[in-house]
Undergrad: 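To start, I am sharing the structure in question, which I have written as structure tokens.
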Amino acid sequence: MDHPSHALNAMRTAAPLVQNITNYVAMNVMANVMLAAGASPAMAHARDEAAEFAALSSALSINIGTLDCEWIDCMVLAAKAASEKGTPWVLDPVAVGATALRQEAGAQLLALNPTIIRGNASEIMALSGMATQGRGADAADPVSAAEDAARGLAARSGAVVAVTGAVDFVTDGTTAHRIANGHQMMPCITALGCALTGIVAAFAAVAPAYDATVAALAYYGAAGEQAGQNAQGPGSFQVAFLDALHTITGEQLDSVARITAA
Amino acid sequence: MDHPSHALNAMRTAAPLVQNITNYVAMNVMANVMLAAGASPAMAHARDEAAEFAALSSALSINIGTLDCEWIDCMVLAAKAASEKGTPWVLDPVAVGATALRQEAGAQLLALNPTIIRGNASEIMALSGMATQGRGADAADPVSAAEDAARGLAARSGAVVAVTGAVDFVTDGTTAHRIANGHQMMPCITALGCALTGIVAAFAAVAPAYDATVAALAYYGAAGEQAGQNAQGPGSFQVAFLDALHTITGEQLDSVARITAA
Amino acid sequence: MDHPSHALNAMRTAAPLVQNITNYVAMNVMANVMLAAGASPAMAHARDEAAEFAALSSALSINIGTLDCEWIDCMVLAAKAASEKGTPWVLDPVAVGATALRQEAGAQLLALNPTIIRGNASEIMALSGMATQGRGADAADPVSAAEDAARGLAARSGAVVAVTGAVDFVTDGTTAHRIANGHQMMPCITALGCALTGIVAAFAAVAPAYDATVAALAYYGAAGEQAGQNAQGPGSFQVAFLDALHTITGEQLDSVARITAA
């Protein structure tokens with residue numbers, strides 16, 4: 001593995017334009033998280049301009065949290081445009097197992113060859129076709145329960161698969177790593193998982209998919225650890241987390257990253 | 001009245017899944033407020049999955065802040081699904097008197113037997129058919145002006161009705177209480193009223209509607225008072241408010257709650 | 001020029017109801033920024049009530065960040081209703097040069113006689129028909145590159161045109177001023193430009209368009225400077241910025257405003 005600082009520094013130098021099609025709850029926090037990190041997010045999801053924006057961008061993230069027919073059309077158009085141009089794109093299959101509509105959307109997008117898939121354990125298990133205890137956007141299953149599902153999904157889809165939780169798991173179907181950074185307060189703030197998908201996309205704009213994913217998860221978790229040092233609750237944690245994403249250096253990241261082969 | 005800590009503690013133990021159909025301005029803050037309190041919010045409003053989500057959830061909140069035909073369909077489907085299963089649901093009739101579209105939506109949802117209705121004085125008066133000075137989402141009328149409207153609305157609809165403002169008023173048509181907790185900075189932050197409706201729903205998932213409503217309002221106001229102690233303005237108030245929702249204990253709540261029979 | 005405190009104080013006294021049709025990313029922060037400043041924002045964008053809300057409001061802001069056919073219809077209805085009543089309205093042509101859909105929407109709204117147009121340099125150049133390097137919502141062009149475009153656009157459209165950036169530029173086609181307030185952290189927080197458009201609209205509800213625009217920009221920049229004094233990063237900056245918008249007085253504004261004839 002590369003030091004995670006390589007991808008972080010390259011991302012900050014490039015400030016890549018990343019198109020994000022995400023849900024309404026996440027849009028603002030995702031944009032702020034990406035700006036704090038040094039990327040240039042564009043939150044563009046209109047059907048009539050999805051493909052045009054995807055062609056301008058260095059990476060694309062798609063999150064199925066907000067769904068209706070027009071949104072699914074837009075996601076498909078953007079994913080196709082990205083695939084045709086060879087632009088990396090990341091799929092975030094929010095609550096994919098919860099309803100029939102989400103399962104269909106997940107399957108349809110999976111067929112369009114995402115470069116990376118990032119979800120919690122319940123989502124990765126559901127996308128992989130396994131039974132799960134997830135409900136809504138929260139994971140009821142531990143990361144470890146999804147490792148086989150992740151390996152299988154990566155092998156079948158060709159995507160790098162990231163299962164995020166207390167300890168994250170990343171695999172391309174052959175190799176796998178665990179990233180043990182993070183803070184217990186992170187699930188108490190809405191859409192931090194969704195926003196992470198945008199950070200993964202920004203890193204994938206400047207580094208190979210596997211290294212980009214591992215580095216992005218370590219960076220995000222390290223910022224969470226720094227934020228947790230003085231937070232009094234989820235309000236002050238959120239503030240300190242944006243500050244940490246902005247101020248943490250590559251050197252600091254390398255010194256605190258806990259990445260191990262799995 | 002039960003001590004408000006009973007409902008708070010029961011809610012934190014259950015971490016109930018609450019479906020929320022709310023407006024775009026409120027979605028993020030509502031999710032964060034509910035997570036900070038200890039509930040498990042799902043912000044799901046697609047027509048094609050509204051009923052499925054309502055069946056999974058322990059409570060439902062519906063806010064008419066964002067309106068178009070598809071949204072109204074979704075609200076109706078979810079409210080019907082909740083009523084059929086006996087799941088408590090809370091109606092937040094945002095700016096119901098302001099436009100013809102809102103009046104129709106309010107009347108249509110009122111006919112679907114909400115368990116609880118929470119609004120400001122102008123909204124409760126408008127929903128009850130009275131003249132009001134409200135404009136947009138802000139209340140121009142004092143809570144006291146809406147007490148008769150609230151009693152009448154509760155008696156006709158069978159719902160617990162909460163009028164929130166400087167001193168809140170709750171009634172089931174027969175009994176009534178006032179809750180005097182809160183802080184003057186709260187109206188300076190957008191969507192704190194909308195988010196409160198989610199807290200009421202979360203409490204209603206674990207306690208009888210009347211007690212749940214009174215306890216939720218006292219808890220929310222007590223957290224506001226704690227947040228106001230060190231806030232320099234609406235930015236720092238918001239941060240401290242999320243922290244207080246998370247850290248305030250049942251014992252602290254009981255010691256500061258100002259609940260009186262009306 | 002009037003002292004900028006005149007418009008600020010008048011706005012706080014009137015607390016004008018301002019209707020805002022803006023994008024999903026900006027809605028919450030725009031509402032909070034306007035509430036912190038002392039205005040009364042209504043975030044109403046349903047086609048069926050756009051004209052009704054515009055008739056109730058003292059000013060209107062329209063931002064094309066979120067676009068689809070229904071939204072464009074709504075914007076047109078609201079702009080027409082405002083123009084017919086003589087209500088000031090402000091156009092924010094987000095990323096107008098980026099896609100064909102945005103160019104059409106920008107041209108259609110420009111034909112409805114906005115009172116004020118506020119954008120970054122790339123947006124004002126694109127709306128004026130010039131080539132630009134902008135991509136997405138970020139400005140790649142410096143303010144100075146857009147001064148001629150702004151003068152021409154103001155002369156042709158009859159609108160006051162504001163180009164915002166490190167040093168803002170305001171012109172009505174004849175007169176022009178530069179406003180040098182602000183802080184380098186402001187572009188690191190999403191939607192602060194969008195939210196500024198709401199502040200300009202609120203000031204335009206109580207003062208002549210040119211003076212209102214200059215005063216609003218000075219006020220916004222002055223609050224940014226105050227926020228920057230203790231911020232550790234974009235998270236704490238955001239919090240301090242809302243506090244500063246709320247607490248800064250007219251006297252403080254006049255003493256720090258850096259407004260010069262151009």
Undergrad: Taking the side chain as every heavy atom from C-beta outward, state whether N23(B) and W71(B) have any atom pair closer than 4.5 Å.
TA: no
Undergrad: Is there a side-chain contact between I117(A) and L153(A) in this structure, where contact means two heavy atoms from C-beta onward sitting under 4.5 Å apart?
TA: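 Yes, side chains in contact.
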Undergrad: With a 4.5 Å cut-off on side-chain heavy atoms, are V200(B) and L217(B) touching?
TA: yes
Undergrad: Assess, by modelled atom type and distance only, whether the side chains of T190(A) and N32(B) contain a donor and an acceptor separated by less than 3.5 Å.
TA: no
Undergrad: Keeping N20(B) on the side-chain end and M43(B) on the backbone end, is there a donor-acceptor pair under 3.5 Å?
TA: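 No, because the side chain of N20(B) does not come within donor-acceptor range (under 3.5 Å) of the backbone of M43(B).
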Undergrad: Only heavy atoms, only distances under 4.5 angstrom. Which residues in residues 75-88 of chain B are near chain A?
TA: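 At a heavy-atom separation under 4.5 Å, chain A is reached by no residue of residues 75-88 of chain B.
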Undergrad: I want to check something: taking the side chain as every heavy atom from C-beta on, are I179(B) and V214(B) in contact at a cut-off of under 4.5 Å?
TA: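 Yes. Closest side-chain heavy atoms under 4.5 Å.
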Undergrad: State, with a plain yes or no, whether a side-chain heavy atom of V18(A) is found less than 4.5 Å away from one of P41(A).
TA: no
Undergrad: Would you call E147(A) and V163(A) a side-chain contact if the rule is heavy atoms closer than 4.5 Å?
TA: no
Undergrad: If we only count heavy atoms from C-beta on, is the V33(B) to M30(B) side-chain gap below 4.5 Å?
TA: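 Sidechains of M30(B) and V33(B): no contact.
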Undergrad: With a 4.5 angstrom heavy-atom cut-off, which part of M27(A) approaches chain B: side chain, backbone, both or neither?
TA: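 Nothing of M27(A), per the 4.5 Å heavy-atom cut-off to chain B.
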Undergrad: Tell me which pairs pass salt bridge (Lys or Arg N to Asp or Glu O under 4.0 Å) where either residue lies in residues 91-112 of chain A, with sequence neighbours left out.
TA: D92(A)-R118(A), R102(A)-E49(B)
Undergrad: So if I take each residue of residues 235-243 of chain B and look for any heavy atom under 4.5 Å from a heavy atom in chain A, which residues do I end up with?
TA: V239(B), L242(B), D243(B)
Undergrad: Tell me, do I72(A) and L101(A) make a side-chain contact under 4.5 Å, heavy atoms counted?
TA: yes
Undergrad: With no hydrogens and no angle check, is any side-chain donor or acceptor of D168(A) less than 3.5 Å from a backbone partner on G165(A)?
TA: yes
Undergrad: Applying a heavy-atom distance below 4.5 Å, give me the residues of residues 222-230 of chain A that approach chain B, sorted by number.
TA: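 The stretch does not come within 4.5 Å of chain B.
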Undergrad: Minimum heavy-atom separation for S5(B) to G250(B), with atom names?
TA: CB-O, 3.4 Å
